[in-house]
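Scroll down for the structure; my scribbles are underneath it.
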Amino acid sequence: MKGTNKINEIIKKLNKTTLFAILILYIIALGGILTLIGRNAKFYVEPEYNHIVYNDVITPQISVYTAYTYTDANVQNIKYNINPNITARLINGVNPGYSITNFRMSASTAKTVTSSASEMYNFTEYSTYKTDITHSFSIDCSNTQQHPTKFFARIQYVKDKETKIDSFMEEYWLQPTADDINKLNAWYDLNVTDSGSEKPINALLIKSPSDTTAGQTGNLQYILTPVASSTKKDYTLGARITVNNKTVTPYHIDMQTWLLNEDGDYLPFVGVYNHTSPTSTYSQSSREIDHRLKAKYICAKLVYMRVATDDAGNKIVGADGNIKMKESATFYFKQNIENIQSTYQSTPNAGQDINPDDIPTSNNLWIIVGGVGGGILIIMSLIGVISIVNNTKKKKEEMN
């Protein structure tokens with residue numbers, strides 16, 4: 001009882017401010033404990049893999065197609081179809097057929113298309129096969145929203161009787177950034193709109209900075225075919241990337257296509273990452289666009305990277321052991337879905353690349369003006385409040 005009485009006496013001696021401070025410290029400590037418990041319950045760690053520009057031995061090209069389907073109740077389901085194509089670099093024109101002893105792939109995922117990644121999604125592991133081979137994975141959002149933001153791949157293989165391990169990371173462009181949207185609109189204004197009408201531009205030109213001839217590096221083309229059995233505006237989309245001189249000029253391409261609908265939503269559609277093949281062409285065909293998506297535009301972003309080589313054509317390796325990049329260029333495409341051609345063209349009607357100096361900055365200007373104006377209003381309000389307080393104090397002093 002004596003101990004209890006002492007505690008009561010101590011509590012009685014504490015003033016309200018001290019008790020309030022103790023309560024705040026307790027709440028902070030409790031919040032920290034709950035945060036730690038929550039992290040342990042759902043631990044999120046990304047593999048520390050690098051974005052590899054070019055691997056001279058083995059490489060995974062990752063193709064992604066997002067399928068949008070609807071239930072009988074008209075509820076939309078989203079499914080990301082992911083196909084890593086594991087290929088070996090040819091040696092004197094012959095596939096060495098490396099033995100893959102283990103292949104692991106995973107993805108960081110987000111709860112919404114605009115939120116940050118918070119979970120890891122692990123795909124099925126594979127082993128005991130030889131290059132070349134394509135796997136088929138998927139991330140289904142019908143029950144749980146899980147949208148990929150990055151892909152990670154780890155390949156363990158045997159070369160010259162030695163076991164080697166290579167890792168890869170590719171960021172998945174789930175949504176265009178604000179800067180991307182600005183440049184997509186700038187490209188559209190430059191190439192498509194013409195006195196209120198729209199030009200039939202159906203391709204994106206790929207031009208490496210060191211190329212002097214327009215269109216020398218390659219192009220990205222789209223084709224669109226109406227679904228014959230449909231009474232609504234349903235289409236199938238095809239996409240193809242053509243790269244010239246790819247057998248002698250090593251490169252790396254990442255590309256993502258979005259459907260921009262009437263509601264202003266950018267819906268991820270078809271894309272490819274780590275496309276570096278010196279022999280094959282990337283293509284997608286018959287990818288369905290349901291009329292309920294309300295798609296209005298086809299939008300795309302493509303990054304072309306050229307591998308650094310010396311005068312003899314040998315690839316230059318950096319201090320980190322990875323092959324270096326010589327240069328990089330980013331390209332954009334935006335076209336009304338009704339203006340997309342139905343067949344691929346040998347010489348496509350491609351638009352010009354945008355000049356960064358020509359990109360409108362009015363939105364950014366208004367943001368700056370608004371921010372400065374808001375800051376001035378806040379400062380003026382504070383000065384006003386301080387003035388009122390000072391006047392009130394002065395009047396009280398005069399009355400006393």
Side-chain angles (χ1 to χ4, degrees), residues 59-71 76-87 105-110 112-113 121 123-124 132-153 168 170-176 180 203-204 220-227 230 234-242 253-261 265-277 280-303 333-335 337 340 342 344:
T59 185
Q61 173 181 291
I62 303 172
S63 298
V64 187
Y65 159 59
T66 310
Y68 299 89
T69 57
Y70 292 84
T71 64
Q76 184 190 82
N77 290 332
I78 301 174
K79 184 178 181 181
Y80 297 92
N81 299 284
I82 301 128
N83 301 114
N85 180 27
I86 317 302
T87 59
M105 188 167 171
S106 59
S108 57
T109 62
T112 67
V113 295
Y121 190 102
F123 301 106
T124 304
D132 296 351
I133 189 169
T134 300
H135 297 300
S136 296
F137 300 130
S138 65
I139 298 178
D140 196 332
C141 298
S142 56
N143 295 319
T144 303
Q145 293 297 305
Q146 42 193 357
H147 306 273
T149 60
K150 290 180 183 177
F151 294 111
F152 306 91
F168 303 83
E170 289 291 339
E171 182 180 352
Y172 178 62
W173 301 330
L174 184 62
Q175 290 285 283
D180 289 333
L204 172 158
L220 163 63
Q221 287 190 68
Y222 292 100
I223 58 171
L224 203 66
T225 307
V227 176
S230 173
D234 295 316
Y235 301 93
T236 59
L237 181 80
R240 185 178 72 182
I241 297 175
T242 301
I253 284 177
D254 296 330
M255 183 277 291
Q256 181 62 44
T257 305
W258 300 277
L259 304 175
L260 174 57
N261 68 12
D265 300 320
Y266 287 84
L267 310 176
F269 201 47
V270 298
V272 63
Y273 298 84
N274 195 36
H275 174 52
T276 63
S277 176
S280 62
T281 297
Y282 165 80
S283 65
Q284 290 278 325
S285 61
S286 303
R287 299 310 187 189
E288 185 176 353
I289 302 176
D290 192 289
H291 68 276
R292 284 167 287 192
L293 293 174
K294 298 186 288 185
K296 189 174 181 180
Y297 296 97
I298 303 293
C299 300
K301 174 184 178 180
L302 183 149
V303 174
F333 175 87
K334 179 181 178 181
Q335 178 60 283
I337 200 167
I340 301 294
S342 59
Y344 290 120

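As the structure is a prediction and not an experimental result, all values here were calculated from the model. Side chains are part of it too, since the values below use all heavy atoms of this structure and drop only hydrogens, waters and symmetry mates.
From I253, atom CD1 reaches atom OG1 of T276 across 9.5 Å, with rounding to the nearest 0.5 Å. The distance from atom CZ of F269 to atom CD1 of I298, rounded to the nearest 0.5 Å, is 7.0 Å. A distance of 13.0 Å separates NZ in K150 from CG in L174, rounded to the nearest 0.5 Å. Distance check: E288 CD to D234 CG gives 6.0 Å after rounding to the nearest 0.5 Å. In this structure, NE2 on H147 lies 4.5 Å from SG on C141, to the nearest 0.5 angstrom. To the nearest 0.5 angstrom, Q284 atom CD is 9.5 Å from I241 atom CD1.
Of the possible polar contacts, none joining the N85 side chain to the Q61 backbone as a donor-acceptor pair under 3.5 Å is found. In this structure a side-chain-to-backbone donor-acceptor pair under 3.5 Å is present from T149 to S108. Remark: the backbone N or O of L267 is not paired with any side-chain donor or acceptor of D265 at under 3.5 angstrom. Judged by distance alone, the side chain of W258 and the main-chain N or O of W173 form a donor-acceptor pair under 3.5 Å.
In this structure, a donor-acceptor pair under 3.5 Å is absent between the side chains of D140 and S138. Side-chain N/O atoms of Y222 and T257 include a donor and acceptor closer than 3.5 Å. For T236 and S286, the side-chain atoms include no donor-acceptor pair closer than 3.5 Å. Of the N and O atoms on the side chains of Q256 and Y273, at least one donor lies less than 3.5 Å from an acceptor on the other residue. Remark: the N274 side chain and the T59 side chain contain an N/O donor-acceptor pair separated by less than 3.5 Å.
Scanning both residues, A67 and N81, for their nearest heavy atoms gives CB-ND2, 3.8 Å. A pairwise comparison of heavy atoms in N83 and S136 identifies ND2-OG, 3.2 Å as the closest pair. Shown here for Y282 and S63, the closest heavy-atom pair between the two residues is CE1-OG, 3.8 Å. C299 and K334 make their closest contact through SG-CG, 3.8 Å (heavy atoms, listed as atom of the first residue, atom of the second, distance). P148 approaches Y172 most closely through the heavy-atom pair O-CD2, 3.1 Å. In terms of heavy-atom proximity, F137 sits nearest to P84 at CE1-CG, 3.7 Å.
Using a 4.5 Å heavy-atom threshold, the side chains of M105 and I62 count as touching. Looking only at side-chain heavy atoms (C-beta outward), P60 and F151 stay at 4.5 Å or farther from each other. In this structure, the side chains of T69 and K79 stay at 4.5 Å or more apart for every pair of heavy atoms. The shortest side-chain heavy-atom distance between I337 and I289 falls under the 4.5 Å cut-off. For the pair K296/L260, no side-chain contact is recorded, criterion being any heavy-atom separation below 4.5 Å from C-beta on. The shortest distance between side-chain heavy atoms of L293 and N261 does not fall below 4.5 Å. In this structure, the side chains of Q175 and D180 stay at 4.5 Å or more apart for every pair of heavy atoms. Proximity of Y68 to I78: side-chain heavy atoms (C-beta onward) are separated by under 4.5 Å at one or more points.
Between Y121 and F123, the angle of the ring planes lies from 30° to 60°, which puts this pair in the tilted group.
For an aromatic pair to be called close, the ring centres must be under 6.0 Å apart, and F152 with F168 fails this.
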